[in-house]
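Below, chains carry the letters A, B, ... as their sequence lines are ordered, and counting in each starts from 1.
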There are 2 protein chains.
Amino acid sequence: MLELSFNQETVHKLLQASDKPLKAYNILFETQKLGIKSPTQVYRALDKLIELGKVHKIESKNAFVACSKINCSNQNSTFFLICDTCENIIELEDQKITDQLNKTCEQYGSKYKNHTIEISGTCSDCN
Amino acid sequence: MLELSFNQETVHKLLQASDKPLKAYNILFETQKLGIKSPTQVYRALDKLIELGKVHKIESKNAFVACSKINCSNQNSTFFLICDTCENIIELEDQKITDQLNKTCEQYGSKYKNHTIEISGTCSDCN
DNA sequence: CATGTAATGTTATATTATTACATTAATAAA
DNA sequence: TTTATTAATGTAATAATATAACATTACATG
């Protein structure tokens, strides 16, 4: 799996070109001119891209963004600042937060696998 | 708004009685015998309960849990440990994490409003 | 008891996501 | 280079999640 397939590449490029998270059906509409025809195709591409760490799902918005790092693994300390006003999104890493979460998990005897961390607010431009 | 309405109470009680997050349509099926008839009614009750801090939405699962504290406000430091295996969920608060997140927001000039923090893994019983 | 707000009931529909199954492409092992 | 295997595709149908719209009823409070 060195290279992305056509559908994967198409979806990935669209996400990379966007400064906001995109919803699956918006991705579908945008890529229909390029040959993608059904939701299934979009979701399959997204699944793969997420697995590869090239795309993240924003759970609180049911939307998807291209990874802004080189390539995230699932085990990363990634989290998001999301602007309520302009929908801009910043992807961040902070080992301190992940360490703290790990510590908490240990206290409860839980084995940490991965996380969703999404902060809503207003970005510097909007407040 | 001292007391919950019938629909709100019905949905709240069901969630309180459950040790797992419940999905909206499961709530609907369970409460149909009690008089609730449509998705709208369930979602309306959930919206209100969330607003009151009596229920939380688990974004990564599109499911809902009763707040295990007295009553969370939205500004709380709440987060969740979710077991992938048994679906058990633990609601926690940790001011340190929230402080850290706030600090990060400040660095980016963002104004923190609220957050979604969901940790997946396996609980002490399942690992 | 009038008035405004909150909640309800009901129907329809929008949005998000998956299943199922047949086919084609790509990879790599014999 | 054929064959086996895995990955990706195409297509249609449908499941699961959530909201819109509008008419009505309950209810707090001034």
Side-chain angles (χ1 to χ4, degrees), chain A residues 1-15 18 20-65 71 82 84 87 89 116 118 120, chain B residues 1-15 18 20-65 71 82 84 87 89 116 118 120:
Chain A
M1 267 293 314
L2 288 153
E3 296 190 9
L4 297 177
S5 72
F6 176 79
N7 287 358
Q8 290 157 10
E9 189 76 35
T10 304
V11 169
H12 191 218
K13 278 189 180 152
L14 182 69
L15 285 172
S18 170
K20 300 176 174 46
L22 297 180
K23 303 201 149 227
Y25 276 72
N26 290 134
I27 294 171
L28 176 58
F29 299 146
E30 291 299 321
T31 56
Q32 269 171 341
K33 19 187 143 147
L34 303 170
I36 290 184
K37 283 170 186 152
S38 73
T40 315
Q41 292 173 303
V42 172
Y43 283 109
R44 279 199 290 231
L46 287 170
D47 285 347
K48 194 63 184 182
L49 292 165
I50 288 168
E51 185 190 324
L52 297 173
K54 292 180 183 298
V55 163
H56 301 292
K57 179 169 187 183
I58 307 302
E59 297 286 356
S60 61
K61 299 206 163 300
N62 295 320
F64 304 86
V65 281
N71 245 359
I82 305 165
D84 285 339
E87 296 183 75
I89 192 158
T116 299
E118 297 166 13
S120 293
Chain B
M1 267 294 314
L2 289 152
E3 295 189 9
L4 298 177
S5 73
F6 176 79
N7 288 358
Q8 291 158 8
E9 188 76 36
T10 302
V11 170
H12 191 219
K13 278 189 178 154
L14 182 69
L15 285 172
S18 169
K20 300 177 173 51
L22 298 179
K23 302 198 149 230
Y25 277 70
N26 289 134
I27 294 171
L28 176 58
F29 300 147
E30 291 300 321
T31 54
Q32 269 170 341
K33 20 186 144 149
L34 303 170
I36 290 184
K37 282 170 187 154
S38 73
T40 315
Q41 291 174 302
V42 172
Y43 283 107
R44 280 201 290 231
L46 287 170
D47 284 348
K48 194 63 186 183
L49 291 164
I50 288 168
E51 185 190 324
L52 296 172
K54 291 178 183 300
V55 163
H56 301 292
K57 179 169 187 182
I58 306 303
E59 296 286 355
S60 60
K61 299 206 161 303
N62 295 321
F64 303 86
V65 283
N71 246 358
I82 305 166
D84 284 339
E87 296 183 76
I89 192 159
T116 299
E118 297 167 12
S120 291

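Between A/Ser5 and the phosphate of D/dT9, there is a side-chain N or O to OP1/OP2 separation shorter than 4.0 Å.
Distance OH (B/Tyr43) to P (D/dT17): 7 Å, rounded to an integer number of Å. Between the CG atom of B/Leu28 and the P atom of D/dT17 there is a distance of 12 Å, rounded to whole Å. Spacing between atom CG of B/Leu34 and atom P of C/dG9 amounts to 13 Å, rounded to whole angstrom units. The distance from atom CG of B/Asp47 to atom C1' of C/dA6 is 14 Å, rounded to the nearest whole Å. The nearest whole Å value for the distance from the CG atom in A/Asn26 to the C1' atom in C/dA17 is 15 Å. If you take NZ of B/Lys48 and P of C/dT8, they are 10 Å apart, rounded to a whole angstrom. Between A/Glu59 atom CD and C/dT16 atom C1' there is a gap of 12 Å when expressed in whole angstrom units. If you measure from atom CG of B/Asn62 to atom P of C/dT15, you get 16 Å, rounded to the nearest angstrom.
Under the side chain to side chain contact (heavy atoms under 4.5 Å, CB included) criterion, A/Thr10 pairs with A/Phe6, A/Thr31, A/Leu34, A/Ile36, sequence neighbours left out.
With axes fitted over five pairs at each extremity, the angle between the ends of the helix from C/dC1-D/dG30 to C/dA30-D/dT1 is 40° (10° resolution).
Without hydrogens or angle criteria, B/Glu30 side chain to B/Ile27 main chain gives no donor-acceptor distance under 3.5 Å.
Remark: the A/Glu118 side chain and the A/Ser60 side chain contain an N/O donor-acceptor pair separated by less than 3.5 Å.
Considering all non-hydrogen atoms of both residues, B/Val42 and B/Ala24 come closest at CG1-O, 3.7 Å. Across all their heavy atoms, A/Lys23 and A/Lys61 have their closest contact at NZ-O, 3.1 Å.
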Item checked: Candidate pair A/Phe64 and A/Ile50, rule side-chain contact (heavy atoms from CB on, under 4.5 Å), full reasoning -> CA-CA 9 Å; A/Phe64 304 86; A/Ile50 288 168; 4.0 Å; yes
What protein N or O atoms touch nucleotides 10-16 of chain D N or O atoms at under 3.5 angstrom, if any, and at what distances?
unit_1	atom_1	unit_2	atom_2	d
D/dG10	OP2	A/Asn7	ND2	3.2
D/dG10	OP2	A/Gln41	NE2	2.4
D/dG10	N7	A/Arg44	NH2	2.6
D/dG10	O6	A/Arg44	NH1	3.1
D/dT11	OP2	A/Lys37	NZ	3.2
D/dA12	N6	A/Thr40	OG1	2.7

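For the pair A/Lys54 and A/Glu51, the salt-bridge criterion is not met [side-chain N within less than 4.0 Å of a carboxylate O].
B/Lys57 comes within 4.0 angstrom of the backbone, heavy atoms only, and of no base.
Here the NZ atom belonging to B/Lys13 is positioned 13.0 Å from the CD atom belonging to B/Gln8, to the nearest 0.5 angstrom. Taking CD from A/Glu9 and CD from A/Glu3, the interatomic distance works out to 8.5 Å, rounded to the nearest 0.5 Å.
Summary of the strand contacts: B/Ala24 and A/Ala45 both lie near DNA chain D, and taking for each the nucleotide with the nearest heavy atom, the more 5' one is attributed to A/Ala45.
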